Amino acid sequence: MSRSSLRTAVSRSRPPFTTAPLGSMPAAAFLRSHWQRRARLFRRALPGFAGLHTRADLIALACRDDVESRLLVRARGRWTLAHGPFRHADFRGLPSRDWTLLVQGVNLVDERADALMRRFDFVPTARLDDLMVSYAAPGGGVGPHFDSYDVFLLQGLGRRRWRWGAQRDLTLVPDLPVKILANFAPARDEVLWPGDMLYLPPQAAHDGVAVDECTTYSIGVRAPLANEVVTAFLGFLADRVDLRGRYADPGITAPRSTARIAPDMIERYRALIAKLRVTPRDVEAFVGQWLTEPKPHVVYAPPGRPLASGPFARAAARSGVELDLATLALHDARAVYVNGERCAVRGAARSALAALADRRRLDAGACARLPSAALARVHDWYRHGWLHLGR
Ligand code: SIN
Ligand code: CO
């Protein structure tokens, strides 16, 4: 299904995100006692939920080249992994059992998936990664493994048997295309029904096997490696570094060994490098920009004939605006960040753009009151295809 037909196929109003999908448990209690610490099974976490996608919907998504997907088949004890984009024909000869299709980032292309993910807004947006949806034929699953981040596994269609535990031994079976625990020893064993949910902290061992054909909605958390953060920060600094001075060594004496890097030379380089100062503002800007950087495969569709700023302002004051599903928007005390761009604004403009980042839309009234500095930004984002006029 194309992005536009998915959009029109779904409800135009978003559900109110006032209650966390944690059954009867308040979000504050969950964050205090379980988040990052302990697994928890929520029966009827989302009563009435039975998935948003059929097998055909997920196959259609897996055939798109702007969506990441994987197909994992287990036959005669051997795992075979293939990466999308797929063709419909790839799904025709599959066995009736023991395979699963995993579709990543469904929230970026499907409004209902985006709305579901936003129900987890008791976790800061900047911590949420994406919504992955899996379809599994009976017996299908990805095998016993652990993830390095927290995950909410919400059962859609059908039933899935989950086994999990907090084992220390995380040794993996070598030389497989997937991560499989060599010594899986689960402490719990439960069958999840539609609307039930399992929360797992990082490193929890788990294995979900489809009892019937089933879909599972995984809300994954972003937990970057220290090395990844520092590498990205060094790249960010490289783009903005602007130091004065140059290597200089007046008064040196002739070396005894001409190819030698003498300690005083190293000291002069150290002094040059020590000119680099990392300020809290650098870190602040880096965090906002880096966390809103879209993934490489994400594409935006700018309007074919964009409205100029005056007509755009009038149209926004009539219909409001909403961020594109794939737009990442965050804010801090000084700026609003959209798709890797920092936008330093103050006062009412800042509050309006921060509200847009939080709610992902501004209604007509809010658009009519937008200060000109904010309106100029919103118009820019509209021209990039990062934001659309409301419907
Ligand atoms: C799945 O949906 O099959 C896998 C989810 C997970 O184990 O993290
Ligand atoms: Co997992």
Side-chain angles (χ1 to χ4, degrees), residues 36 38-42 45-46 49-55 57-59 61-62 67-74 79-84 94 97-107 113 116-117 120 128-167 170 172-173 176-182 184-223:
Q36 295 248 292
R38 285 192 290 142
R40 163 93 190 204
L41 170 62
F42 295 92
L46 257 186
F49 183 77
L52 304 171
H53 302 89
T54 62
R55 163 183 164 144
D57 292 337
L58 294 170
I59 289 177
L61 286 171
V67 174
E68 284 178 87
S69 57
R70 287 167 291 161
L71 177 62
L72 186 61
V73 183
R74 188 164 42 92
W79 297 91
T80 314
L81 174 68
H83 291 271
L94 286 172
R97 295 186 53 84
D98 300 346
W99 62 272
T100 182
L101 170 66
L102 306 145
V103 185
Q104 212 72 50
V106 179
N107 56 300
L116 175 63
M117 183 152 154
F120 290 79
L128 293 179
D129 191 6
D130 75 340
L131 176 78
M132 179 183 85
V133 187
S134 67
Y135 167 86
V142 300
H145 67 286
F146 67 91
D147 297 304
S148 307
Y149 45 80
D150 316 66
V151 64
F152 297 92
L153 297 157
L154 173 64
Q155 189 56 25
L157 186 79
R159 293 169 300 166
R160 180 167 219 142
R161 176 185 179 195
W162 280 104
R163 292 180 298 153
W164 72 94
Q167 67 188 61
L170 298 178
L172 298 175
V173 180
L176 288 184
V178 279
K179 279 193 338 182
I180 301 285
L181 284 167
F184 184 46
R188 298 281 308 270
D189 183 344
E190 303 276 353
V191 171
L192 270 68
W193 292 70
D196 290 347
M197 187 174 75
L198 176 61
Y199 162 75
L200 296 171
Q203 322 292 340
H206 57 289
D207 184 24
V209 177
V211 176
D212 321 296
E213 76 162 350
C214 80
T215 58
T216 300
Y217 288 70
S218 306
I219 294 87
V221 168
R222 184 172 184 170

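When a residue number appears, it is its place in the shown sequence, counting from 1. In listed order, ligands and their atoms are each counted from 1. On a predicted model such as this, the values are computed, not experimentally measured, just so you know.
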Do H53 and V103 come within less than 4.5 Å of each other through their side chains, counting heavy atoms only?
no
Assess whether atom CH2 of W79 is packed by more than 12 heavy atoms of other residues, nucleotides or ligands within 6.0 Å.
yes
Any heavy atom of Y217 sitting closer than 4.0 Å to ligand 1?
no
Between F42 and Y199, does the ring centroid distance fall short of 6.0 Å?
no
Of H206, Q203, K179, the residue whose pairing with D147 passes side-chain hydrogen bond (donor to acceptor under 3.5 Å, both in side chains):
H206
Between Y135 and W99, ring centroids under 6.0 Å:
yes
For ligand 1, indicate whether the residue Q155 contacts it via side chain, backbone, both or neither (heavy-atom separation under 4.0 Å).
neither
Is the contact between W164 and ligand 1 made by the side chain, the backbone, both, or neither, using heavy atoms and a 4.0 Å cut-off?
neither
Side chain or backbone of D147 under 4.0 Å from ligand 1, or both, or neither, by non-hydrogen atoms?
side chain
Only N/O/S atoms count here: what is the atom of D147 closest to the Co ion (ligand 2) called?
OD2
Report the nearest protein non-hydrogen atom to atom 7 (O) of ligand 1: residue, atom name, distance rounded to 0.1 Å.
H145 CE1, 3.0 Å
Say whether V151 and ligand 1 are in contact under the criterion: heavy-atom distance to a ligand atom below 4.0 Å.
no
Give me the nearest non-hydrogen protein atom to atom 2 (O) of ligand 1 as residue plus atom name, then the distance to 0.1 Å.
S134 OG, 2.7 Å
Can you check whether L157's main-chain N or O pairs, donor with acceptor, with T215's side chain at less than 3.5 Å?
yes
At a 4.0 Å cut-off, with the gap strictly under it, does some heavy atom of S218 reach an atom of ligand 1?
yes
Nearest non-hydrogen protein atom to atom 3 (O) of ligand 1, with distance, is R160 NH2, 3.2 Å
Do F49 and Y217 make the cut of ring centroids closer than 6.0 angstrom?
yes
